[in-house]
Amino acid sequence: MFQIQSHSLRPLTTTAHLAQTMTLLSLTIEELKQQIDSELASNPALEFIEERRCPTCHRLLPERGFCPVCSRPLNQYSDDPVVFISPRDDFHPVRQDVEGFLPEEHDYSPVEDALPTYVLRQIAPDLAIEDRKLAAYLLAHLDEDGLLTIELVEVASYYHVSLERVKAVQRLIQKADPVGVGSRSTQEALLVQLEVLSETRSVPDLAQCIVENSVDLLFRRQYAELARLYNVPQRRIEQIVHFISENLNPFPARSHWGDVRQPSAADVQVYHRPDIIISYMNDDPQNPLIVEIIMPLSGTLRVNPLFRQALQQAEGEQRSAWREDIEKASLFVKCLQQRNHTMQRLMQCVVKSQKDYIMYGDKHLKPVTRVSVSRELGVHESTISRAVAGKTVQLPNKRIVPLSSFFDRSLNIRTLLKDMIAREARPLSDAELVDMLSREGIDVARRTVAKYRAMEGILPAHLRRSLSQVS
DNA sequence: CTATGGCACGGATT
DNA sequence: AATCCGTGCCATAG
């Protein structure tokens, strides 16, 4: 497919252009940053220019006018959300030189490379040189949830060091972002997260007790049982559960739970950095929405004009090599711009139709499909799919959800269902729930209600009875 | 007999 | 082309 290359330049640029834009589209910020870095490093024709930032909010100023986040005058504009590209360089808070740090002798799959390196960077400064191999070894044995797959004792005996030392390294890892990574179990991860959290804010004291002694009850949502066990009102337990699901994440490396996992904390996740941030201007719900599409750099990329000039004087071999560099550089820049443009339009469209969802919560999510968006934007559906896949969005209420949740066909029904069950006077059977839903204008099969219930981790009616009796 | 969960099928979505 | 999701049918538990 690349034979065309040698013949003509134009078809090459267009197909390559498309291909590269596609791949860029599907990258998350972290990947995008890597991509840009490597491009920048390998191509001398590519230039990076620092740009102005807003003095108060530290965000980059748009082409003209005021900072969209902190200045008032923008209010005069319509109610439509402001969508813009927001470059940031505070992306990796800790950037340490870790060259030669990762030992080669251990095989770990390149796919999982991102998380280990990310963590390693953070803890590097606090790590004794001789403990580095321990850290690297531990990090190389994380599963996709960020949990450790090996026993600490094994590591200790493998390296002939004391268990204590391995534990110390593990603790260091656990406290890095994402907090709790490198724990042996979800329970351990939760405990670490509680501990870290308690340093900055108050944590319900029972929370730790519960996680430590009765996680299984917690995961199975046996709130009544818990209330009995700890001799507190069930209301209190529910508060704590709420706190836990708001702030903790049993799978440190996960952005969202798989469908059949412990549904106890199913609605909220803690994840490191969102790709997109949606907020109200000045955090005031009166103001229009601000949609920031995060760029990992605070500046623009362009083809270095000096390099262009130099090309004029170059000759022979050099000239063609440089010419190629320039081609590649400008292609990359174009693709990047197009990526941003597409993202911008995509978000514009999505935010417009899902405004209620963003402002008022899950109940108001409209079942928009990727196809409908693609039609509206006039692009291929797969483009949208790629752009949406793997990205995360921070909502005004600081929750971070996958972008794909904007396209969830049943979330609104599920939350409605959850509400109804939460308010129910007596346990309602699935069939009765179907009735109630149809009164709300939603027609679903009985079987489907059952499935939604299962997704939300709600027990069947006859089992819920016991709960309501206790409380 | 009623309420639910399992399996599997078809259509939509990606 | 592969996957996901809603749904119908049937078995099973209560």
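Per chain, numbering begins at 1; letters A, B, ... match sequence-line order. In what follows, every heavy atom counts, from backbone to side chain, and hydrogens, waters and symmetry copies are set aside.
Using a 4.0 Å heavy-atom criterion, one finds that Ser382(A) contacts no nucleic acid atom at all.
Within the 3.5 Å criterion, the main-chain N or O of Val449(A) finds no donor-acceptor partner in the side chain of Asp430(A). Judged by distance alone, with hydrogens and angles left aside, the side-chain atoms of Ser438(A) form no donor-acceptor pair with the main-chain N or O of Gly441(A) at under 3.5 Å. At distances below 3.5 Å, not a single donor-acceptor pair connects side-chain atoms of Glu188(A) with backbone N or O atoms of Ser183(A). With Lys391(A) contributing its side chain and Ala387(A) its backbone, the two residues share a donor-acceptor pair below 3.5 Å.
One side chain, Asp275(A) or Thr392(A), offers a donor N or O that lies under 3.5 Å from an acceptor on the other. Using modelled atom types, one finds a donor on one side chain and an acceptor on the other under 3.5 Å when comparing Gln239(A) with Arg236(A).
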- Message: One character per nucleotide, please: for nucleotides 7-14 of chain C, 5' to 3', B when the base has a protein heavy atom closer than 4.0 Å, S when only the sugar-phosphate does, - otherwise.
- Response: BBB-----
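Axis angle, first five pairs versus last five pairs of the helix from dC1(B)-dG14(C) to dT14(B)-dA1(C): 10°, rounded to 10°.
For the pair Glu456(A) CD and dT4(B) C1', the interatomic distance rounds to 18 Å; values are reported in whole Å. When rounded to the nearest whole Å, the span between CG of Asp408(A) and C1' of dC4(C) equals 11 Å. In this structure, the CG atom of Asp430(A) is 15 Å from the P atom of dT2(B), given to the nearest Å. Rounded to a whole Å, the CZ atom of Arg453(A) is 7 Å from the C1' atom of dT4(B).
Using a 4.0 Å cut-off between charged side-chain N and carboxylate O, Glu432(A) and Arg446(A) make no salt bridge. Salt bridge annotation for Glu47(A)-Arg302(A): present, with a cationic side-chain nitrogen under 4.0 angstrom from a carboxylate oxygen. In this structure, Arg184(A) pairs ionically with Glu151(A), as a charged nitrogen and a carboxylate oxygen lie closer than 4.0 Å. Salt-bridge formation is not detected for the pair Asp362(A)/Lys418(A): no Lys NZ or Arg NE/NH1/NH2 atom is positioned less than 4.0 Å from an Asp or Glu carboxylate oxygen. Salt-bridge formation is detected for the pair Glu195(A)/Lys175(A): a Lys NZ or Arg NE/NH1/NH2 atom is positioned less than 4.0 Å from an Asp or Glu carboxylate oxygen.
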List, with names and distances, any nitrogen or oxygen atoms from the protein found under 3.5 Å away from nitrogen or oxygen atoms belonging to nucleotides 11-14 of chain B.
{"residue": "dT14(B)", "atom": "OP1", "partner": "Arg370(A)", "partner atom": "NH1", "Å": "2.6"}
{"residue": "dT14(B)", "atom": "O3'", "partner": "Ser385(A)", "partner atom": "OG", "Å": "3.4"}

